Structures are given as structure tokens and as C-alpha cells.
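Side-chain atoms are counted along with the backbone in the values below, which use heavy atoms only and exclude waters and symmetry mates. Since the structure is predicted, the reported quantities are computational estimates derived from the model, not experimental observations. Naming convention: chains lettered A, B, ... in sequence-line order (proteins, then strands); numbering from 1 in each chain.
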Protein chains: 2
Amino acid sequence: MLAGQKDEGRCRRLPKRQARDGGPDRPRRDAKKADAVPEPRMAFGDRRLTSRDVAALAGVSQATVSRVLSGSDLVKESTRQAVLRALETTGYVVNVSARTMRSGRTGVIGVVVTHMTNPFYPELLEALSNAIHASNHRMILWDGRQDGEADAASAIRERAVDSVIFTTATPASRPLREALEQELPVVLVNRSLRGVRCDSVTTDNLAGSRAVARYFIDGGRNYVAAIGGLRGTSTADERLQGFKSGLAGTGKGGATLVATTSVDWSYEEGVRAFNEILESRTVPDAIFCANDVLAFGAMDAARARGFGIPDDIWFAGYDDIAIAGWGAYDLTTIRQPLRPMAEQAVNMALHRLAEPGRAPQRSRLTSELVVRGSTANYASSAVSAAS
Amino acid sequence: MLAGQKDEGRCRRLPKRQARDGGPDRPRRDAKKADAVPEPRMAFGDRRLTSRDVAALAGVSQATVSRVLSGSDLVKESTRQAVLRALETTGYVVNVSARTMRSGRTGVIGVVVTHMTNPFYPELLEALSNAIHASNHRMILWDGRQDGEADAASAIRERAVDSVIFTTATPASRPLREALEQELPVVLVNRSLRGVRCDSVTTDNLAGSRAVARYFIDGGRNYVAAIGGLRGTSTADERLQGFKSGLAGTGKGGATLVATTSVDWSYEEGVRAFNEILESRTVPDAIFCANDVLAFGAMDAARARGFGIPDDIWFAGYDDIAIAGWGAYDLTTIRQPLRPMAEQAVNMALHRLAEPGRAPQRSRLTSELVVRGSTANYASSAVSAAS
DNA sequence: CTGAAAGCGCTTACAG
DNA sequence: CTGAAAGCGCTTACAG
């Protein structure tokens with residue numbers, strides 16, 4: 001149903017069949033070739049069936065086979081049937097690169113992920129994979145480190161993919177910026193880039209983290225701290241900002257805010273940041289962490305120091321990855337709507353392919369607060385964090 | 001360095017440059033075209049630079065440009081320089097599908113993953129991604145559920161990928177079996193398939209789980225239980241078998257072995273399995289879980305029932321995913337060598353492309369026992385599990 | 001060392 | 001409704 005990809009998309013799955021011996025009446029491709037022509041290298045078997053072979057068997061032109069394949073309605077029903085039969089008996093499979101060369105569409109969408117092993121990303125990735133395949137595309141995946149961003153941008157230029165979805169947008173990313181300047185078809189998901197107009201899908205980080213702050217205050221917390229994410233990323237900045245704004249005027253926040261700029265949003269950084277908070281002065285009675293994984297690290301560090309959760313300290317995270325629901329953490333957090341995010345991102349990518357000149361779209365989705373045992377359970381769970 | 005992919009591989013990264021206006025002397029493609037020819041649809045911009053344009057600028061034939069691009073040594077140095085200059089000023093980028101159509105190589109390796117959100121797979125996936133990109137290929141990723149296996153096999157037939165690496169091999173998988181029967185270039189990693197000859201990389205699950213059993217016994221455990229993985233998969237079967245064999249003759253195992261056949265190797269199954277064990281009779285004093293995630297579930301279930309770890313019950317897992325090292329679990333487990341597994345798998349894939357007829361290769365790597373706080377720390381960590 | 005030319009396997013106007 | 005033909009942009013013998 002998505003725009004821009006219908007009949008010119010990737011091949012439709014044809015009925016497969018043992019393609020090895022298509023019967024004696026199937027013209028062997030070799031037989032038609034002039035003797036001088038060398039055999040092309042083949043990866044396996046000796047099959048290499050083209051639509052011309054199918055046409056010969058069906059007694060029609062190759063063009064007609066192509067029309068049947070693409071679902072054209074310019075084909076007489078009886079002809080179509082004959083072609084379908086030939087397709088079936090030969091076990092013909094389209095050659096994607098030939099199709100791509102003609103149509104200009106690869107049927108492939110790229111995805112760049114930076115920290116595949118941060119459990120948030122596999123969850124997002126799974127949602128993206130589902131959305132991409134649902135739209136009848138395939139997905140090329142890059143690791144954002146290891147030059148993945150640059151290669152993803154190259155892949156667009158090389159026409160190896162139709163479009164690329166970036167799940168991480170660091171301001172420092174040259175390849176991304178260049179891709180955007182050249183107006184390559186790119187979508188940002190989960191993060192946005194300051195001052196850059198491009199298609200993006202984000203969630204309302206300000207509202208989400210503000211909801212956490214209010215929840216802490218409403219719960220009677222008095223000395224509240226925060227562990228920030230990677231400074232400079234839109235998610236980290238917004239979540240810290242939203243949290244501070246939720247605390248504003250309450251006098252509960254103080255200057256305890258610790259940002260983990262160093263490396264990433266990892267468990268280890270959560271441990272480190274918690275210990276850093278402890279060094280400062282008063283022990284906080286509630287800590288907001290800019291993502292769940294940081295919270296896990298901080299919680300384990302707190303327990304290692306003998307603090308009770310939530311008796312001594314409340315913890316809240318962000319993302320609601322599956323582990324947040326596990327008994328060991330049972331973490332109050334903000335749930336991001338991954339499926340809608342992924343679907344919208346893929347939609348945007350396809351829309352832009354269909355209409356390259358359209359104005360950049362920005363979508364911002366709402367998240368919800370999920371209350372669990374890492375905070376006193378005074379409120380019911382799943383409160384919308386809509387501002 | 002890997003075989004089968006050198007100059008016919010994916011494009012080499014050419015120096016990029018603002019490709020939009022290559023200067024007045026660069027022949028505009030449009031100008032050369034007969035008026036009647038319709039404009040091809042273009043995804044963005046109006047650039048569409050071919051090697052022919054580069055040739056014109058360099059004053060050579062298109063074939064010579066192609067030779068320079070492919071690193072042929074059949075080019076005079078001064079000619080090469082002229083072409084390189086033209087390449088530079090035009091910002092030419094190869095068209096991958098045209099190259100693929102001629103060369104028969106896509107430069108893409110497929111990967112099928114079944115449970116992307118089980119943290120083991122992102123770790124394996126990251127290793128595969130690194131290995132694939134290191135060999136100058138790109139990676140198409142499929143979710144094994146959602147028809148991913150079937151589509152991956154189709155992708156080989158459609159020549160959209162050169163080869164596919166399956167990280168999950170269920171005996172029930174039709175698409176996989178058919179692909180193997182048709183001798184499509186496929187590699188199995190982490191699991192093998194009974195009675196099927198094909199390239200595969202596994203680890204020695206028998207030795208690994210036997211090491212856990214011995215470790216339990218040596219630690220004086222008396223009533224030992226196990227939580228199995230998805231029955232029918234080679235990893236689950238081997239781990240259970242190895243564990244039993246390690247217990248054989250000690251009288252410590254009993255019939256408590258609980259296999260979670262139902263759904264998957266998930267946290268929830270770990271919880272369920274632990275509770276099932278409790279119902280049976282004596283509480284075990286050590287439980288081996290067929291992967292780490294099952295162990296996390298079982299440990300949380302145990303704690304919820306008030307059991308101490310390791311005071312009341314020891315736990316051991318399998319895989320050594322990152323979470324196993326987190327404070328909340330601190331899990332003794334068997335570490336799988338992901339990087340070598342991934343590298344060997346990619347190597348096998350490339351070797352088979354280079355030499356389709358070669359005999360199937362099987363590689364079996366050694367894992368090691370990593371001792372942590374979920375068991376009494378009587379032995380030093382990182383003991384090789386080599387039988 | 002270089003160019004002209006064939007051809008990879010499709011899609012798509014164009015002309016019936 | 002159908003076929004003949006052009007052409008997508010490369011690679012690679014072949015003939016100098």
C-alpha cells in the first residue's frame with residue numbers, strides 16, 4: 001500500500017520449483033549461444049533461466065512474460081495463463097540486478113545502527129525489519145561505527161539501495177551531513193539533527209522526561225539526580241532538558257546532574273556515573289537515567305554500595321527495553337513506541353522516493369510512563385507522558 | 001584477502017566530490033541523448049554520471065575507465081592518471097547493479113537471524129557485520145520469523161545476494177532444507193543440521209556443557225538440574241546431552257532435567273522452567289541453563305521465591321552475553337568465541353563462491369568456562385572447556 | 001596498452 | 001493485446 005513501490009519494486013515471489021531440470025522441452029540456454037561465447041562464471045549448478053526461456057516455452061515474446069511478471073493488465077487472460085504455466089514449469093526466478101538496472105529501483109532500504117549490542121537497537125531494528133519487509137523491500141544493515149555511515153551514503157550513490165534510515169544522528173557525522181546536503185534520500189529515526197531539514201521520526205523526549213520529573217516530585221522525592229546520555233545527541237540533550245524543566249521551581253534538582261559524555265550510553269557508564277554522583281555530596285533519593293541501560297548500571301552500582309531500591313533510591317530509565325521488565329531491575333521507564341516509529345520511518349523513505357521534491361517531514365510521537373518496582377508504586381502504570 | 005572477491009567485488013570507494021555540477025566541460029548527459037528518449041525517473045537531483053562521461057573527459061574509451069576502476073594493470077600510467085583526474089573532477093560513482101549484471105557478483109552477503117532481541121544475536125550479528133564489511137561486502141539482514149528464511153533463499157536465486165549465512169537452523173525449516181538441496185551457497189553458523197552436509201561453524205557444545213557439569217560436581221553440588229533450550233535444535237540437544245554426560249556416574253543429576261520446548265529460549269521460559277523444577281520435588285542446589293537468558297529468568301524466579309544465589313542455588317548459563325557480566329546476574333557461563341565464528345562463516349561463504357564444487361566444511365570451535373558470582377568462586381575464571 | 005563491440009537480463013515506450 | 005527493439009551501465013574477450 002505504500003507509495004512509490006508497486007510494480008516496479010522488487011520481484012514478486014514466483015512459485016518455486018525444482019529449477020534444475022525443467023524438462024526436455026525447456027530450451028537450454030547454452031544451446032542458443034554462439035560457440036565462441038565463453039561460459040559465464042556461475043556460483044552453483046548450471047541453471048540460468050531467463051524470461052526469454054519462459055517466453056519460448058509459453059510461445060510468446062519475452063516482453064509479454066515481463067508484463068505478466070509485473071502484473072500488467074495489458075495481457076489477455078489466456079496468454080497470462082500460458083505464461084504462468086511456463087513460469088511454473090521452468091521455476092523461473094527474476095534477476096534482480098537486471099530489473100534494478102532498468103527500473104532504477106533496488107528494492108533495498110539501508111539501515112544504519114550504531115550500537116547493535118545496546119538492547120534498544122535490536123528492538124528498533126526488529127521493528128524496522130518488519131516494516132521494511134512488509135513494504136516488500138529488503139534491508140541492508142550497517143554498523144554506524146566501522147565506517148558504516150559513509151558506506152551507507154556511498155550505497156545510495158552507487159544505487160545499491162534506494163534510501164537509508166539512520167537510527168543514530170551524531171552532529172559530528174560527516175557522511176550524514178554530506179548525504180543531507182546532497183539531498184540523498186535519507187530518514188532519521190529516534191534522533192534529529194539541529195538545524196538540518198530532513199525527514200525524521202522522533203519521540204517527544206521533553207515530555208517524557210518531564211513526566212519522570214513530575215512523577216518523582218509527586219512521589220515526594222527531595223533530592224533528585226540525573227544521569228545523562230551521550231552529550232550532543234538530540235535524545236540526550238532533550239531528555240536532560242525535559243527533566244530539568246520538570247524540576248524547575250521545585251527546588252529538588254540541584255546541580256547534581258551528571259552527564260556521561262565520555263563514551264556511550266552503556267552499562268559501564270551507568271556504574272561510573274552513579275559512583276560519581278555519590279562522591280558529590282548528599283545521596284539522592286531518586287535518579288533519572290537517560291536510557292534503561294544506564295539505569296541498570298546505576299542500579300547495580302547502588303546495590304553494590306548497599307542501597308535499597310526503591311527504599312533508599314528510586315530509579316527511572318528511558319526506552320522500556322525488554323530487560324526493564326525483568327525481575328532483577330523492574331524498572332520504571334518511558335516506553336517508546338517502536339513499531340509506529342519504524343513504520344513511519346519506512347513510510348517517509350518510500351514517500352520521498354515517490355516524490356523527491358517534497359518538503360521534509362518531521363514526525364514526533366508520544367511516549368508513555370511505565371511505572372514499576374524501581375520506584376514506589378503509588379501510581380498506576382502506563383500513564384501517558386503527553387505534555 | 002579473502003578468496004573469491006577481489007576486483008570483481010563491490011565497487012571500490014571512489015573519491016567523492018560535489019557531483020552536482022561537474023563544471024562546464026563535463027558533458028551533460030541529457031545533451032547527448034536523442035530528444036525522443038524519455039527522462040528516466042530519478043530519485044533525486046539530476047545527476048547521472050556514467051563511466052562514459054568520465055571517459056569523454058579523460059579523452060579515453062569507456063573500457064579504459066572501467067580498467068582503471070577495476071585496478072587492471074593493462075593501463076599505461078599516464079593514462080591512468082588522466083582517468084583518475086577525470087574521476088576526481090566528475091565525482092563519478094559506479095552503478096552497482098550494472099556491475100552486478102555483468103560480473104555476476106552482488107557483493108552482498110545475506111544473514112538470517114531468528115531472535116534479534118535475544119541479546120546473543122546482536123552480539124553475533126555485530127561480529128558478522130564486521131567480518132562481512134571487512135571482506136568488502138555488504139549485509140542484507142532477515143528476520144528468521146516473518147518468512148525471512150524463505151526470502152533469503154529467494155534472494156540467492158534472484159541474484160540479489162551472493163550467499164546467505166543462517167544463524168539459526170531449525171530442522172523444521174523448509175526453505176533452508178530446499179536451499180541446501182539445491183546447493184545454494186549457504187553457511188550455517190552456531191547450529192548444524194543433522195544429516196545435512198553443508199558448510200557450518202559451530203562451537204563444541206558437548207564439551208562446554210560437560211565442563212559445567214564437572215564444575216558443579218567438583219564444587220560439591222548434590223542435586224543438579226538443567227533447563228534446556230528449544231528442543232530439536234542442535235545447540236539445545238548437544239548442551240543437554242553434554243551436561244548429562246558430565247553428570248553420568250555421579251548420581252547427582254536425577255531426572256529433574258526440564259526442557260523448555262514450548263516457544264523459545266527466552267527469559268519468560270526461564271522463569272517458567274524454574275517454577276516447574278520447584279514443583280517436582282527436592283530443590284536443586286545447582287541449575288544449568290542452556291543459554292544465559294534462560295538463566296536470568298530462572299535466577300529472578302529463584303530470588304522471587306527467596307532463594308539465595310549462590311548460597312542456596314548455583315546457576316550457570318551458556319553464551320556469555322554482556323548482561324551475564326552485569327552486577328544483577330554475575331553469571332557463570334560458557335563463553336562462545338563470536339568473532340572467530342563470524343570470521344570463519346564469512347570465509348566459508350566466500351570460499352564456496354570461489355569454488356562452488358568444494359566439499360562442505362565443518363568447523364567446530366572451543367568455548368571456555370567463565371566463573372562468576374552465581375556459583376561459589378572456588379576456581380579461577382576462564383577455564384578452557386576443551387574436552 | 002587501447003578501443004570497438006558484444007552482451008549481462010530485464011522494462012518500456014512504440015508501433016501495430 | 002502483442003512483439004520488435006532500444007537501452008539501463010557496466011565488464012571483458014577480441015583485435016589491434
Side-chain angles (χ1 to χ4, degrees), chain A residues 7-11 29 32-42 48-56 58-80 82-83 92-107 158-160, chain B residues 7-11 29 32-42 48-56 58-80 82-83 92-107 158-160:
Chain A
D7 290 336
E8 26 172 281
R10 172 164 109 245
C11 74
R29 184 156 205 303
K32 309 169 35 181
K33 292 210 285 193
D35 285 325
V37 177
E39 269 305 288
R41 278 148 301 142
M42 279 178 290
R48 177 157 289 196
L49 201 58
T50 74
S51 56
R52 209 166 289 279
D53 300 319
V54 177
V60 299
S61 75
Q62 184 270 331
T64 296
V65 173
S66 182
R67 288 196 188 94
V68 171
L69 248 26
S70 68
S72 163
D73 50 359
L74 297 172
V75 183
K76 190 164 56 174
E77 187 51 29
S78 61
T79 310
R80 180 191 310 279
V83 171
Y92 168 80
V93 175
V94 76
N95 179 313
V96 164
S97 56
R99 168 173 289 178
T100 295
M101 174 134 69
R102 274 297 326 201
S103 69
R105 284 292 181 86
T106 63
E158 295 168 10
R159 312 200 173 253
Chain B
D7 290 337
E8 27 173 279
R10 171 165 110 245
C11 76
R29 186 154 205 302
K32 310 169 35 183
K33 292 212 285 194
D35 285 324
V37 177
E39 270 305 289
R41 279 146 300 141
M42 279 178 290
R48 179 157 288 199
L49 201 57
T50 74
S51 57
R52 211 166 288 278
D53 300 319
V54 177
V60 299
S61 73
Q62 184 269 332
T64 296
V65 173
S66 182
R67 288 196 187 95
V68 171
L69 249 26
S70 68
S72 163
D73 51 359
L74 297 172
V75 184
K76 192 165 55 173
E77 187 52 30
S78 61
T79 309
R80 179 191 310 280
V83 170
Y92 168 81
V93 175
V94 76
N95 179 312
V96 163
S97 57
R99 168 173 289 179
T100 295
M101 173 134 70
R102 274 297 327 201
S103 70
R105 283 293 180 86
T106 64
E158 295 168 10
R159 310 198 173 255

Interatomic distance, [X] [atom1] vs [N] [atom2] [rounded to whole Å]:
X: Glu158(B); N: dG9(C); atom1: CD; atom2: P; answer: 15 Å
X: Leu74(A); N: dA13(C); atom1: CG; atom2: P; answer: 11 Å
X: Arg52(A); N: dC10(C); atom1: CZ; atom2: C1'; answer: 9 Å
X: Arg105(A); N: dT12(C); atom1: CZ; atom2: C1'; answer: 16 Å
X: Gln62(A); N: dT12(C); atom1: CD; atom2: P; answer: 12 Å
X: Leu69(A); N: dT12(C); atom1: CG; atom2: C1'; answer: 14 Å

Less than 3.5 Å between a donor and an acceptor, one on the side chain of [X] and one on the base of [N], is that the case here?
X: Arg102(B); N: dG9(D); value: no
X: Arg99(B); N: dG9(D); value: no
X: Arg67(A); N: dG3(D); value: yes

Partner set under side-chain contact (heavy atoms from CB on, under 4.5 Å) for Ala82(A), not counting sequence neighbours: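 So Ala82(A) forms a side-chain contact (heavy atoms from CB on, under 4.5 Å) with Arg85(A).
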Can you list everything that forms a side-chain contact (heavy atoms from CB on, under 4.5 Å) with Ala58(A)? Sequence neighbours excluded, please.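 With neighbours one apart ignored, the set is Val60(A), Val83(A), Ala86(A).
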Return the minimal non-hydrogen interatomic distance between Val75(B) and Ser72(B), and the atom names on each side.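 Nearest pair, atom of Val75(B) first, then Ser72(B): CG2-O, 4.0 Å.
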Minimum heavy-atom distance between Leu69(A) and Tyr92(A), given as atom pair plus value: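 Shortest heavy-atom contact: CD2-CE2, 3.5 Å.
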For Thr100(A), which residues count as a side-chain hydrogen bond (donor to acceptor under 3.5 Å, both in side chains) partner, sequence neighbours excluded?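 Thr100(A): no side-chain hydrogen bond (donor to acceptor under 3.5 Å, both in side chains) contacts found.
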When the nearest nucleotide of DNA chain C is assigned to Arg80(B) and to Met101(B) on a heavy-atom basis, which residue is associated with the more 5' position?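 Residue closer to the 5' terminus by nearest nucleotide: Arg80(B).
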Comparing Lys76(A) and Ser66(B) on DNA chain D - which has the more 5′ nearest nucleotide: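 On the 5' side of the pair lies Lys76(A).
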Of the listed nucleotides ([options]), which one gets closest to any side-chain atom of [X]?
X: Ala63(B); options: dT2(C), dT12(D), dC10(C); value: dT12(D)
X: Thr64(B); options: dT2(D), dG3(C), dC10(C); value: dG3(C)
X: Val75(A); options: dG9(D), dC10(C), dT2(D); value: dT2(D)

Contact check, side chains of Val96(B) and Arg159(A), non-hydrogen atoms, under 4.5 Å: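 Of all side-chain heavy-atom pairs linking Arg159(A) with Val96(B), none is under 4.5 Å.
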Taking salt bridge (Lys or Arg N to Asp or Glu O under 4.0 Å) as the cut-off, I'd like each qualifying pair that reaches into residues 58-80 of chain B, sequence neighbours left out, listed once.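 Those involving residues 58-80 of chain B are Glu77(B)-Arg80(B).
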Under 4.0 Å: is that the gap between some side-chain N or O of Ser61(B) and OP1 or OP2 of dG3(C)?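 Checking Ser61(B) against dG3(C): at least one side-chain N or O falls below 4.0 Å of OP1 or OP2.
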Check whether any side-chain N or O of Ser103(A) sits under 4.0 Å from OP1 or OP2 of dT11(C), and answer yes or no.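 No, Ser103(A) has no side-chain N/O under 4.0 Å of OP1/OP2 on dT11(C).
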So what's the dot-bracket for DNA chain D: Watson-Crick or G-U pairs under 3.5 Å, [ ] if a pair crosses, | if it pairs off-strand? |||.||||||||.|||
